[in-house]
Amino acid sequence: MDLPVDGAFCHRLPKAELHAHLSGSVRRETLHTIWQRKQAKQQCLDLEDPSIALKPAGDYPTVVSFFQIFNKYIYRLLDDAESIIDATMSVLEDFRKDGVRYLELRTTPRAVPEQGIDYAEYVHLVREAIEGWNLARWFHNAHAYELEAHLILSVDRSMTLAQAMEVVGVAIANQEPLKPGCASRVLGVDLCGNPSVTPISHLAPAFRRARDAGLNVTVHFAETFTSATNAELEELLSWSPSRLGHAIHVPPHLIEEIKSKDIALELCLSCNVLSKLTEGGFADHHFGMWRDSRCKVALGTDDVGVFESALSNEYRLAAEHFGLSKSEVVGLARSAVSAAWAGKVRMTKLLDEFS
Ligand code: IMP
Ligand code: ZN
């Protein structure tokens, strides 16, 4: 068991992905196919080919330029039912091929009024895509489900309270499986978006409503210095999140609070290093600090379509830069499962079989 960790081992490892944004997880080839289809229909003629428009991973000089690719490009391509469904199915297929067996995929409900799509319809399309893809795989793989996928609905930091309330309302309405025999459902809500957009305190009632309705809460936490003021971090912790995304610039007294409340950390190495949210290289990533603090850690990809590092590679990178043995890597996969909001029994069984 304690031989060096390689890519094949991390690929075979049954993995739980808890921090992945749907629109940021779409592979460039999939975006290209969608772009070509639109061009053939004389749509989006002003949009460049994604292979030109999307820079290589690591070439986004600022956080702002990274967030612009969604509003200026990806959302313009994924603006109709067919594109949203195709993109969702391709994301699921990519995670499956990487050995992800449990996925909590997050997405921000979007309205496309020209297409008759409101927040509720957007979520319905994504859920139909998950169920359709699952069913197809079920027939293909001798009637065994390969990937258990659930949803987290994101509230963007730039939303008004009314918009955030609408997201939470849609989340509450989607807490149950769509049809008998289907597992997928909305498990919780997230706060995401450009961290330079402040303040966020007006969104508190929406997160309170989500909690009261039994939804789980995760928030992007201390991603940049701007979003790591004591006021913002204390506000976010008052929303009772059970997980925190990134958790980069956390002051010592809040590290203690996070430990004492048993809050889990969703950590994304490549995303942080390539987008320069963290200083230095992989070995300097705060993964080491959180792991030493004995908090639950779940490695995640964040935006694998942009940063092009699959979850298996994130495990490999952690092993390489923090000197993890195979049994420690399996322990890390178990740690992610312990922070998951559903599917722990099946994943624990898979990991028992693996080790
Ligand atoms: P979507 O929610 O499926 O549309 O995925 C894209 C969205 O995720 C972006 O518009 C951002 O709001 C959010 N997002 C992606 N990566 C990050 C991140 O690193 N920090 C905060 N928000 C992010
Ligand atoms: Zn994120």
Side-chain angles (χ1 to χ4, degrees), residues 1-21 24-25 57-58 94-104 106 218 220-223 243-250 255 258-259 262-340 344 347-348 350-352 354-355:
M1 178 51 104
D2 278 315
L3 297 168
V5 176
D6 58 16
F9 176 85
C10 295
H11 185 264
R12 280 199 318 276
L13 178 72
K15 293 171 287 297
E17 165 68 89
L18 308 184
H19 192 125
H21 298 265
S25 301
D94 289 345
F95 279 117
R96 181 193 72 79
K97 283 188 181 151
D98 188 43
V100 172
R101 309 298 294 264
Y102 174 87
L103 169 66
E104 291 177 11
R106 63 187 71 191
T218 179
H220 283 66
F221 193 81
E223 257 184 301
R243 301 201 310 243
L244 302 174
H246 299 297
I248 300 172
H249 306 286
V250 186
I255 294 179
I258 290 164
K259 275 163 73 171
D262 196 25
I263 299 175
L265 290 316
E266 304 159 355
L267 302 183
C268 310
L269 287 108
S270 293
C271 157
N272 293 169
V273 172
L274 295 177
S275 65
K276 299 162 199 82
L277 286 171
T278 48
E279 274 177 30
F282 285 99
D284 304 303
H285 194 274
H286 52 293
F287 164 80
M289 182 279 284
W290 284 116
R291 193 167 165 266
D292 290 347
S293 75
R294 309 214 161 273
C295 285
K296 281 181 208 148
V297 167
L299 289 184
T301 51
D302 213 6
D303 298 286
V304 61
V306 179
F307 299 112
E308 300 187 301
S309 172
L311 189 59
S312 57
N313 194 50
E314 294 296 290
Y315 275 88
R316 194 194 58 72
L317 287 168
E320 181 186 333
H321 294 283
F322 294 91
L324 307 186
S325 65
K326 284 188 174 173
S327 52
E328 285 171 323
V329 170
V330 174
L332 194 54
R334 282 187 196 282
S335 169
V337 170
S338 71
K344 289 180 197 171
M347 280 301 294
T348 305
L350 279 173
L351 279 162
D352 285 346
F354 189 80
S355 29

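Position 1 is the first residue of the sequence, and the numbers go up from there.
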Run the side-chain contact (heavy atoms from CB on, under 4.5 Å) test on L351 and L13 for me, step by step, so that the C-alpha distance in whole Å, both residues' side-chain angles and the decisive distance to 0.1 Å come before the verdict.
CA-CA 8 Å; L351 279 162; L13 178 72; 4.0 Å; yes
Does any N or O in the side chain of H321 come within less than 3.5 Å of the main-chain N or O of D284, such that one atom is a donor and the other an acceptor?
no
For the OG atom of S270 and the CG atom of D303, what is their distance to the nearest 0.5 Å?
11.5 Å
Could you tell me whether the side chain of W290 and the main chain of A247 form a donor-acceptor pair under 3.5 Å?
yes
Heavy-atom donor-acceptor pair, T348 side chain to K344 backbone, under 3.5 Å
yes
Is a side-chain N or O of R316 found less than 3.5 angstrom from the main chain of F9, in a donor-acceptor match?
no
Closest heavy-atom contact between A339 and A264?
CB-CB, 3.5 Å
At what distance, to the nearest 0.5 angstrom, does SG of C268 lie from CD of E314?
7.5 Å
Please report the C-alpha distance between Y315 and H11 in whole Å, then the side-chain angles of each, then the deciding distance to 0.1 Å, and finally whether the side-chain contact (heavy atoms from CB on, under 4.5 Å) criterion is met.
CA-CA 9 Å; Y315 275 88; H11 185 264; over 6 Å; no
Name of the residue among I258, I263, I248 meeting side chain to side chain contact (heavy atoms under 4.5 Å, CB included) with F221
I258
Which atom names give the shortest non-hydrogen contact between G245 and T218, and what distance separates them?
N-OG1, 4.2 Å
I'd like to know if the side chain of E328 reaches the main chain of S325, judged simply by a donor and an acceptor atom lying under 3.5 Å from each other, with no hydrogens or angles considered.
yes
Shortest non-hydrogen contact from T301 toward C271:
O-CB, 4.3 Å
Going by an N to O cut-off under 4.0 Å, is there a salt bridge joining D352 and R334?
yes
Say you draw a straight line from CG of N272 to CG of L277; how long is it, rounded to the nearest 0.5 Å?
5.5 Å
Which distance, rounded to the nearest 0.5 Å, do you find between the CZ of R294 and the CZ of R291?
8.5 Å
Could you check D302 against H19 for side-chain hydrogen bond (donor to acceptor under 3.5 Å, both in side chains), going step by step and ending with a plain yes or no?
CA-CA 5 Å; D302 213 6; H19 192 125; 2.9 Å; yes
Could you check whether E266 pairs with K296 (Lys NZ or Arg NE/NH1/NH2 to Asp/Glu carboxylate O, under 4.0 Å)?
no
Could you please spell out the steps behind the ring-ring contact (aromatic ring centres under 6.0 Å, His included) verdict for H286 and H249?
CA-CA 9 Å; H286 52 293; H249 306 286; 8.0 Å; no
State the CZ-CZ distance between F354 and R101, to the nearest 0.5 angstrom.
11.0 Å
Closest heavy-atom contact between D98 and K15?
O-NZ, 2.8 Å
Pairwise distance CG(L267) to OG(S335) - rounded to 0.5 angstrom
9.0 Å
K259: partners by salt bridge (Lys or Arg N to Asp or Glu O under 4.0 Å), with sequence neighbours left out
E256
Could you go through L18 and R106, starting from their C-alpha distance and side-chain angles, then the distance that decides it, and tell me whether this counts as side-chain contact (heavy atoms from CB on, under 4.5 Å)?
CA-CA 9 Å; L18 308 184; R106 63 187 71 191; 5.5 Å; no
Which atom of L103 lies closest to which atom of F95, heavy atoms considered
CD2-CD1, 3.9 Å
Residues L269 and A318: closest non-hydrogen pair is CD1-CB, 4.5 Å
Flag the pair Y102 / E17 as yes when at least one side-chain heavy-atom distance between them is below 4.5 Å, and no otherwise.
no
If the threshold is 4.0 Å, N to carboxylate O, is there a salt bridge linking R243 and E104?
yes
Would you check if D94 and S25 make a side-chain contact, meaning some heavy-atom pair closer than 4.5 Å?
no
Are F287 and L332 close enough, and set up right, to give a side-chain contact (heavy atoms from CB on, under 4.5 Å), and what steps lead you there?
CA-CA 11 Å; F287 164 80; L332 194 54; 3.8 Å; yes
Would you find a donor on one side and an acceptor on the other, under 3.5 Å apart, between the side chain of N313 and the backbone of A310?
no
